[in-house]
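To keep things clear, I will list the structure first and then write my remarks on it.
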Amino acid sequence: MKIICVGRNYAEHAKELQNEVPVIPVIFMKPKSALLLPGKPIYYPEFTDDLQYECEVVVRICKNGKFIQEKFANKYYDQVTLGIDFTARDLQREQQKKGLPWEIAKAFDGSAAVGTFVPITIETEVSNLAFQLKLNNETVQDGHTRNMIFSVDHIIAYISQFFTLHIGDMIFTGTPAGVGRVNAEDKLEGYLQGNKVLDVLVK
Ligand code: MG
């Protein structure tokens, strides 16, 4: 199982981090050891002083495929949830400054929190999803998938040129504006179409 992530897929978020709005998808991966299953807390890592949340729509691959055409891509995922792409922002900035890979900042243990997956139906059509993240009961991110720069189908077509997709792989589709720090004892809750699907405690 692999976790494929898209960076800077919402223009407002790219701008808040002073990044350019991309013309092709920005892709990175997290290993299986990064997965934080529903109900598990994240332990604040000792190597960072700036752990940040990025709430993202996550789709689950249901069919193996390579060189998937965009028009058929929707046959390759059937479940959706919200996830947190936890990021050690201080390490990421240092790595970016040096032009180095950013796995230590993005792919550490527990950095890919996922909520409970729900089947994709007309109500949870991936191109038309509203989602929110609450931090200690206050809404800090309020996104809509219509604001994605690259659609899920486009992302699948793009990444499957390079990587064979397998059943069970997950795709984190990018975060909207409003990312920020977490501290120990914080509580994160994610709502998809108004329904709570994600709950993560920081310890
Ligand atoms: Mg992200």
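First listed ligand is number 1; within each ligand, the first listed atom is number 1.
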With sequence neighbours excluded, what pairs up with His154 under the ring-ring contact (aromatic ring centres under 6.0 Å, His included) test? Phe150
Identify all side-chain donor-acceptor contacts of residues 97-108 below 3.5 Å with residues at least two apart in sequence or on another chain.
from   : atom 1 : to    : atom 2 : distance (Å)
Lys106 : NZ     : Glu54 : OE1    : 3.2
Lys106 : NZ     : Glu54 : OE2    : 3.2
Lys106 : NZ     : Asp85 : OD2    : 2.9
Lys106 : NZ     : Thr87 : OG1    : 2.9

Arg8 (side chain) donor-acceptor with Lys15 (main chain) under 3.5 angstrom: no
Neighbouring protein N, O or S atoms of the Mg ion (ligand 1), below 2.8 Å: 3
Taking the six-membered ring of Tyr191 as reference, does the cationic atom of Lys134 (NZ for Lys, CZ for Arg) lie under 6.0 Å from its centre and within 45° of its axis? yes
Decide if the gap between the ring center of Phe162 and the ring center of Tyr158 is smaller than 6.0 angstrom. yes
In the hydrophobic clustering that connects Ile, Leu, Val, Met, Phe, Trp and Tyr at side-chain heavy-atom distances below 4.5 Å, which members other than Phe117 occupy its cluster, ordered by chain and number? Met1, Ile3, Leu35, Leu37, Val58, Val114, Met170, Phe172
